[in-house]
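We count ligands from 1, going down the list as the structure has it; atoms in each ligand are counted the same way.
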Amino acid sequence: MSNSHTNTLENSQNSSPLTITIRQPDDWHIHLRDGNALTTTVAHAAQSFNRVICMPNLVPPVKTAADAITYRQRIEQALMQTNIDAQRKTQFNPRMTLYFTDNTSAADIKQAAESGIVQAVKLYPAGATTNSADGVTDLKHCTAALDAMQQYELPLLVHSEVTRADVDIFDREKQFIENNLQQIVHDYPELKIVVEHITTGDAADFVLAQKDNVAATITPQHLLFNRNHLLVGGIKPHFYCLPILKKATHQARLLEVATSGNPKFFLGTDSAPHATHAKENACGCAGCYSAAHALPLYATAFDGIGKIDKLEDFCSRFGAEFYGLPLNDTTITLVKTDMTVPATYAYIDDSTLTPLLAGDTLPWSIQ
Ligand code: DOR
Ligand code: ZN
C-alpha cells in the first residue's frame, strides 16, 4: 500500500498553520455503552476512527457470541441515525469483545472465534473497575477458556490490576503483572495479549520484555497527565480513571515508549462515558471521555516532546498490524490550530457528559 500520502507535514511559507495528514486511525479500546448513550458515543467515535474495539462491560455484560452480535447491531443502528457523513458511516467498523467470567467455557470461546464478530476477550478482575462485578475472581477458573483462546487465536485483553483491599491503588497494576500476568504469559506462550491502558513504567518494561505476541494500549490521559493533575489544588473528578493516573516519572516513561516507534505500543483511548453528575459526585465514577477529541489530545502529547512524526504509526499502523488487519487507506488531517474542548455534550436521560479537559484549549484540532 502506498505510504506517500500519509504522515506528511506541511508548513508553507505563507504562515498557514502546520498540518499533518495521517492514515485514518483505529481505536483499539473504547467504551460505547448501550441504549441511548450510543447516539452520542458512536457519533463521536466514528468521526475519527475506522475500527473500534468495543468493550463488553455493559449491564448485563457481553458474555457470548450471540450477545456480541446483537450489541453490534445496536451500534450499527445508532450509527445510521447519526448525522455524520456517509463516507464515515461506511468506514466505521465496530469490533466486538467478550467479557471473561469464571464461567466462560472453551465452547464459548470456540463460538466467539467462529462468529467472525468477536475479535478478543476482555479480562476484568472482579471488582477492579466499572461494571466488573461479573469479572474473573481467580485465574484458576480460566484455564479451559485460555487454552481455547490460544488454540483459536483469540486475543486476551487485560485490565491489569489486582483488587485485594490491602494493596495500595497505585501499586495494583504492578502487582497484577508480577502475580498474574507473568504466569499467563508463561502458561500460554502463543496467546496474543494486550495489556490495556498501561499506566506505569513497570508495565511498559514488562511488555518490552515479552515476545511480539504481547502489546499494550496507552490512553491520552496517561500520556498528558499524572496524579498531581488529579489531586493537587482540589480533586479533579474528570481526571479520575482506572488504572489511576500515576507519578510523573511513569507518565514520562509512557510518553517515551509511545513515541519510540516500537510497534508494541498503540492507541486505545479507553474513552469511558459517565454522566457529569456521576463523575462530580461524592463517589465519582472512573473514566475519562475523549472519543471526540482523542486525536488532538494525542497530537498534543506527541508534539509536546517533539515527536509528532511518530503519531501516525502509533494511531494508525501498530494496532492493525498486531491484530493482523489491513491498514486503513483513507486519511485524516490534523491542524496545529487551537480548539476549545466543549464544556459538555448532551447525554442520556437529559444529563450531560463532560469531556476530558472540558472548556480548555488544545493546540491541535481535526481539520
Ligand atoms: O476508568 C475506567 N473506566 N477504567 C475502566 O477500566 C473502565 C472504564 C469504564 O467502563 O467506565
Ligand atoms: Zn476500558
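In summary, K264 and E321 do not engage in a salt bridge, as defined by a charged side-chain N under 4.0 Å from a carboxylate O. Ionic pairing of R253 and D202 is not present here: no N-O contact between side-chain nitrogen and carboxylate oxygen is shorter than 4.0 angstrom.
With 2.8 Å as the limit, D270 counts as an N, O or S neighbour of the Zn ion (ligand 2). Residue contacts to the Zn ion (ligand 2): H31 brings an N, O or S atom closer than 2.8 Å. Because the distance cut-off is set at 2.8 Å, H159 fails to qualify as a neighbour of the Zn ion (ligand 2), as none of its N, O or S atoms comes that close.
Between A286 and ligand 1, at least one pair of N/O atoms sits closer than 3.5 Å. At least one N/O-N/O distance between G287 and ligand 1 falls below 3.5 Å. Checked by distance only, ligand 1 and C288 stay at 3.5 Å or farther apart across all their nitrogen or oxygen atoms. In terms of polar-atom proximity, defined here as any N/O pair under 3.5 Å, T130 does make such a contact with ligand 1. Ligand 1 has no N or O atom lying under 3.5 Å from any N or O atom of Y240, backbone or side chain.
Within ligand 1, counting atoms from 1 as listed, the ones closer than 4.0 Å to a heavy atom of C241 are 1 (O). Listed by atom number, the atoms of ligand 1 under 4.0 Å from A272 heavy atoms are 3 (N), 8 (C), 9 (C), 11 (O). Heavy-atom proximity to N57, at under 4.0 Å, picks out these atoms of ligand 1: 9 (C), 10 (O). Counting the atoms of ligand 1 from 1 in the order shown, those under 4.0 Å from a heavy atom of T129 are 2 (C), 4 (N), 5 (C), 6 (O), 7 (C).
In this structure, H274 counts as a contact residue of ligand 1, since one of its heavy atoms falls inside 4.0 Å of the ligand. Put simply, no part of K122 is less than 4.0 Å from ligand 1, judged by heavy atoms.
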Between S105 and D108, does a side-chain hydrogen bond (donor to acceptor under 3.5 Å, both in side chains) hold up when you go through it step by step?
CA-CA 5 Å; S105 66; D108 292 331; 3.2 Å; yes
Does the pair R72 and N93 meet the rule for a side-chain hydrogen bond (donor to acceptor under 3.5 Å, both in side chains), with working shown?
CA-CA 10 Å; R72 191 173 193 281; N93 180 0; 3.0 Å; yes
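Of the options T41, N131, N57, T130, a side-chain hydrogen bond (donor to acceptor under 3.5 Å, both in side chains) to H31 is made by N57 and by none of the others.
Q175 has its side chain out of reach of E161: every pair of non-hydrogen atoms, C-beta onward, lies at least 4.5 Å apart. In this structure, the side chains of I332 and P25 come closer than 4.5 Å at one or more pairs of heavy atoms.
In N131, neither the side chain nor the backbone holds a heavy atom less than 4.0 Å from any atom of ligand 1. Of the heavy atoms in H29, none comes closer than 4.0 Å to ligand 1. Residue contacts with ligand 1, taken as heavy atom pairs separated by less than 4.0 Å, involve H159 solely via side-chain atoms from C-beta onward.
Between H159 and H197, the ring planes lie perpendicular to each other; the angle is over 60°, past the 30° to 60° tilted range. Aromatic ring pairs are classed by plane angle as parallel below 30°, tilted from 30° to 60° and perpendicular above 60°; the pair W28 and F266 is perpendicular. In this structure, F239 and F225 have tilted ring planes: the angle between them lies in the 30° to 60° band.
Atom 4 (N) of ligand 1 has its closest protein heavy atom at L242 O, 2.7 Å.
A side-chain donor-acceptor contact under 3.5 Å links N226 and Q251.
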